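Scroll down for the structure; my scribbles are underneath it.
We count ligands from 1, going down the list as the structure has it; atoms in each ligand are counted the same way. Only a predicted model underlies this, so the values are computations on that prediction, with no experimental measurement involved. The figures here come from the full heavy-atom set of this structure, side chains too, leaving out hydrogens, waters and symmetry mates.
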Amino acid sequence: MIKLKNVSKYYYSKGVIATGFTKVNLEFKIGEFVAITGESGSGKSTLLNVISGLDSYEEGEMYIDGKETSHYLEKDWEIYRRKNIGNIYQNFNLVNSYTVYQNIDLILSLNGVNKKEKKEKINALLKRVDMYKYRNTKVSKLSGGQKQRIAIARALAKDIPIIIADEPTGSLDKRSATNIIKLLKEISEDKLVIIVTHNYDQVSEYVTRKITMHDGKVLEDKKFKNVEENISRKENNYKNINFANKFKLGFRNTFNILPKFILLFLVYSFIVASLMGEYSFFKKGEYEATREGYNYIFSDTDDKRVIINKKDKTEFSKEEIENIKKIKNVNYLVENDIIIDENFAFSSHDQMLWLVGSINSLDIFDGEVDEGRLPENDNEIIIAGDKDEYNLSVDKESILNHKFYRTTNTGELDKAKEYEIVGIKYIDSPSGYIDYKFYVSNKVLEDFMFETHQNFSSIKIEFMGENKDANTGSNMFKLVPNNKVTTGNSIISEDLNNRCDKENCINKNFTINIKNQYYSFSKTLRIDKTYNQKNINKELDIPNYKKEDFDELYNGIIYINPTDYTDLFNKGTYQMSVYVNDINNLENVVKELNKSNYNTLKVKDTLVKDGATEIIKIFKLIVTCALVFVLFFISYFIIKIILKSRNVYFSVLRMLGASKNVCKELLIIELFIITNVSYFIFIGLAELNKAKVISVNFIDTVNRYFVFNDYIVLYLILILMSLLISIKYASQLFKNSVMSVYREEV
Ligand code: ADP
Ligand code: MG
C-alpha cells in the first residue's frame with residue numbers, strides 16, 4: 001500500500017535546518033497493525049505526518065499503491081488524504097463545541113454523504129465504539145477515553161484503508177488505554193493501522209509489527225506476522241460537500257460558541273450602526289444642501305412644493321382638483337396658494353415679541369404637537385419651527401398659551417381679533433432658516449385668504465361719483481365682512497355718509513370693481529345704515545370693542561355681508577401648490593402633472609445657491625468613503641482577533657480532508673449570517689424607533705433620510721465588506737500548510 005524509499009524530512013526555520021527523519025525505508029500493507037516506538041524527538045510524529053500527506057518530504061521516494069508521489073501538488077495530497085487516511089491524535093482534535101453526533105456528522109457532510117445515509121452510519125459507528133448513549137453530549141463534557149472513542153468512530157466514518165494514530169493513548173488512564181488499543185485491533189482486520197506509542201508493553205500483545213526509531217532513523221523493524229495484501233480493495237468514492245450542508249455547518253458555527261457569536265455580533269452591529277449613521281448623516285447634508293439658498297419670490301421654499309396653473313390660464317374645475325389630489329405621492333394641495341407666500345406677523349399684546357411666518361391650514365397638520373395641545377377653537381393656533389430656535393425652546397413659556405394680535409400689512413396691530421398659540425411643533429429646518437409656520441383653523445385661514453386676495457387685487461369703489469381706492473392701507477373705504485349686515489347691503493361710517501347730499505347716503509348704491517391677475521369683477525351694494533363711535537358695537541357687534549380705538553381701527557370701514565365679501569374674492573382656483581409626500585417622488589409627480597397639461601414650477605429650483613454647496617458635497621463624499629475604508633480595517637483587525645480562536649477548528653477541518661475552499665466558504669457563510677443578523681436587528685430597531693417604542697436620535701435620522709434604495713445599497717456594501725473580510729482572513733489562515741497552522745495553535 002505505502003512504500004518509503006530513502007525518504008528524508010527536514011525542517012527549515014529561521015535559517016536553521018532540523019532533521020525530522022533521514023533515509024527511512026519502510027513498506028506498509030493492509031491488515032498490519034504497526035506500532036512505532038522510540039524516544040521523544042526521534043521522528044515518529046514527523047513520519048506519521050508524511051505518511052498521512054499532512055507534511056511534505058524533501059528526499060527519497062514515497063509510493064502509494066505503487067505510484068510515485070514526488071509530483072503531487074497540494075490538491076493531490078488532499079484527495080489522497082480524503083480517500084485513504086483517518087487520523088487519530090493524542091489530543092483528539094475533536095470540535096469541542098459540537099456534540100458527539102455533530103462531530104461525526106461533520107466529516108460525513110464534508111464528504112458529501114446524504115442525510116439519510118449519514119444518520120444510519122453515525123448511529124452504527126457510535127454503537128460500534130460504545131458511545132451511542134452520548135450522541136447528544138457536547139464533546140467538551142466527555143472524558144479522555146470517551147473522546148478518543150469518538151475520534152476513532154470519526155476516523156472510521158469514511159471507508160478508508162489507513163488509520164494513523166499518534167500516541168492515541170498518551171493522555172488516557174490505563175484502563176481506557178487498553179480499551180482503545182483493543183478497539184484499534186478490532187478495526188485493523190481490513191485496514192492498515194499505524195500507531196505511535198511510548199508504552200510498547202501496552203500494545204505488544206496486539207500488534208503485528210514493531211518499528212523502533214532513534215534519532216530520525218529506523219533502528220529496528222520486527223514483523224510478528226506476515227500479511228498478504230489484498231489488492232482488490234475497492235476505492236471509496238466521496239463527493240464534495242453540497243451547498244445545503246455547507247450552509248447548515250456555517251449556521252451551526254455561527255451560533256454554537258455563544259461568546260464568539262456575541263463578540264462578532266457586537267462588532268458587526270458597530271459596523272452597521274456606523275455605516276448607517278455616516279450614510280444618513282451624508283444624506284441629511286445632501287438634503288440640507290438642496291434647501292440652502294434663498295429666494296426673492298416665495299417665502300415657503302419647501303422642496304416638496306410644486307406650483308401649478310393651467311396652460312390656458314382658466315380656473316381649475318372641481319374634477320380637475322380631485323384628480324390632482326388622486327395622483328400618487330401627492331400629500332396635499334393648497335388651492336389659491338397666494339397665501340402660502342404671504343408672511344404673517346403675530347405680536348404679543350405688549351409688542352415685545354413678534355413672530356413672523358407662513359400660514360397653513362390645520363387640515364394639513366398631521367401628528368401631535370411637541371408642546372401644549374391641539375387647537376380646539378377657531379382662534380387657537382399652532383406654531384412650528386426649529387427646536388434650536390430661541391423663542392420656541394428657551395423662551396417657549398412666553399409663547400405658549402399667550403394671546404397675540406395679528407399685524408396687518410400696513411404694520412398696525414389688528415386688535416379686533418385675538419389669537420392664542422396653544423401648541424408648538426418642532427420641525428427640522430436647515431440651519432439659519434428660522435421662519436415659523438402657523439397652523440390655523442379653516443375659518444381663520446379663509447379670513448386671511450380673502451384679505452390677502454384683497455391686498456393683491458386692485459379694488460376701486462365708485463362712491464357717489466368719486467372713484468376711490470380701497471387698498472390704500474388706511475381704513476377709508478376698506479371692505480370688511482360682518483354678519484350683522486344683510487346680503488346686498490352695507491353699513492358705512494358717518495364720516496363716509498358726509499359725502500352724500502344732505503349727509504344722507506342711505507338707500508343709495510355704490511359699486512365695487514375688483515381686478516387682479518386672474519379676473520375682473522364688479523358688484524353693486526346698497527347703503528343700509530350708518531355707524532359712529534357710539535353705536536358701532538350695537539349695530540355691528542364688534543368683539544373687544546374699545547371706544548378709544550374707533551378712529552384708529554374702525555372709522556371709514558364699509559361693512560358688508562360675508563357672502564358678498566366671499567363673492568368678491570372667491571372667484572375659483574387659478575393657481576395651486578401641490579406638496580408631494582417625499583422629495584424622492586417629486587420628479588414623478590411633476591411628470592404626471594405635465595402629462596395632464598399643467599404648467600409646473602418646482603419651488604426648489606427657484607432657490608439661488610452659491611457654488612460652495614457642490615464643493616461641500618464632494619468633500620462629504622470623500623469623507624464617507626474614507627470612513628468606510630477605515631471602518632473596514634478596524635473591523636478586520638478586531639474580527640481577526642476574534643476568529644483566531646477558530647483556527648484550530650479550521651485546522652481540524654483540513655485534517656479531516658476539507659479543502660481550503662470549503663473552509664473559506666464556511667467562513668463566508670458564518671460572517672454572512674452574522675452580517676444579516678446584525679443588519680436586520682438594526683432594521684428592527686429602526687422600526688421600533690418609528691413606532692416610538694424606543695427613541696434613539698441617530699436612528700431617527702436614518703429613518704428620516706433613508707429611502708428603500710439606500711437600505712439596499714448599504715446592505716450590499718455590508719455583504720461585500722463581510723465577504724472581503726472572510727476572503728482576506730481565509731487567505732491568511734491557509735497561507736501555510738495544514739500542519740504549520742496547527743502547530744502554531746496547539
Ligand atoms: P517525536 O514525535 O518522535 O517525538 P517529532 O517527529 O515530533 O518526534 O520530531 C522529530 C524531530 O524533528 C525533532 O528533533 C524535532 O525537534 C524536529 N521537529 C519536529 N517538528 C518540527 C518543526 N515544526 N520545526 C522544526 N523542527 C521540528
Ligand atoms: Mg510526537
Side-chain angles (χ1 to χ4, degrees), residues 2 4-26 28 33-60 62 69 74 77 81 85-94 144 147-148 151-152 155 162-172 177 180-181 184 192-204 207 209-222 644 647-648 650-652 654-655 732-746:
I2 292 175
L4 295 109
K5 214 171 138 186
N6 283 328
V7 176
S8 302
K9 162 79 198 169
Y10 304 106
Y11 290 106
Y12 307 91
S13 66
K14 292 168 190 153
V16 182
I17 300 178
T19 310
F21 57 82
T22 44
K23 302 240 181 288
V24 167
N25 287 288
L26 286 169
F28 298 98
F33 186 3
V34 186
I36 302 179
T37 64
E39 75 274 23
S40 181
S42 57
K44 305 180 297 290
S45 297
T46 311
L47 181 62
L48 288 194
N49 288 340
V50 169
I51 293 173
S52 311
L54 286 168
D55 233 344
S56 56
Y57 58 91
E58 273 72 37
E59 258 177 33
M62 178 169 149
T69 59
E74 184 160 329
W77 286 116
R81 276 209 304 276
I85 307 290
N87 282 101
I88 294 166
Y89 304 87
Q90 180 178 348
N91 58 3
F92 324 117
N93 283 340
L94 296 168
K147 282 183 185 167
Q148 202 57 295
I152 292 171
I162 304 172
I163 298 271
I164 286 180
D166 194 347
E167 310 212 22
T169 58
S171 48
L172 302 184
I180 292 294
I181 299 295
L184 287 172
L192 163 61
V193 177
I194 307 175
I195 77 165
V196 161
T197 178
H198 265 112
N199 187 350
Y200 180 71
D201 292 345
Q202 206 173 50
V203 301
S204 57
V207 295
R209 183 174 172 186
K210 178 192 182 192
I211 295 170
T212 312
M213 290 192 74
H214 173 72
D215 201 11
K217 292 192 181 66
V218 175
L219 196 69
E220 189 187 38
D221 182 2
K222 255 198 233 162
K644 204 133 207 276
N647 287 4
V648 173
F650 285 113
S651 309
V652 169
R654 297 273 281 141
M655 284 180 207
Q732 294 250 318
L733 178 60
F734 302 125
K735 205 165 51 189
N736 306 316
S737 77
V738 181
M739 277 321 286
S740 53
V741 174
Y742 178 69
R743 270 186 219 110
E744 271 172 31
E745 298 304 327
V746 179

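Using a 4.0 Å cut-off between heavy atoms, Asp166 makes no contact with ligand 1 at all.
Compare Gly216, Gly43, Ser45 by their heavy atoms: the one nearest to atom 7 (O) of ligand 1 is in Ser45.
Every atom of ligand 1 is numbered from 1 in the order shown, and the set under 4.0 Å from a heavy atom of Ser40 is 4 (O). Residue Thr46 has at least one heavy-atom neighbour below 4.0 Å for each of these atoms of ligand 1: 5 (P), 6 (O), 9 (O), 10 (C). Atoms of ligand 1 found under 4.0 Å from any heavy atom of Ala18, numbered from 1 in the order shown, are 26 (N).
Taking 2.8 Å as the threshold, Gln90 does not count as a candidate ligand of the Mg ion (ligand 2), since none of its N, O or S atoms lies below it.
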Phe28 vs Ile51, side chain to side chain contact (heavy atoms under 4.5 Å, CB included): CA-CA, chis, key distance, verdict: CA-CA 10 Å; Phe28 298 98; Ile51 293 173; 3.7 Å; yes

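Side-chain N or O atoms of Lys9 include one that pairs as donor or acceptor with a backbone N or O of Ser56 at under 3.5 Å. For Thr37 (side chain) and Thr212 (main-chain N/O), no donor-acceptor pair under 3.5 Å exists by modelled atom type.
No heavy atom of Asn49 sits closer than 4.0 Å to any atom of ligand 1. Gly38 does not count as a contact of ligand 1, since none of its heavy atoms falls under 4.0 Å from the ligand.
Considering backbone and side-chain atoms together, Gly20 places no N or O closer than 3.5 Å to any N or O of ligand 1.
Counting heavy atoms from C-beta outward, Ser171 and Phe92 have side chains that approach closer than 4.5 Å.
When each of Gln148, Gln202, Gln90 is checked for a side-chain contact (heavy atoms from CB on, under 4.5 Å) with Thr169, only Gln202 meets the rule.
Remark: Ser204 OG to Lys210 NZ distance equals 8.5 Å, nearest 0.5 Å.
A salt bridge is defined here as a Lys NZ or Arg NE, NH1 or NH2 lying under 4.0 Å from an Asp or Glu carboxylate O, and Asp221 with Arg209 meets this definition.
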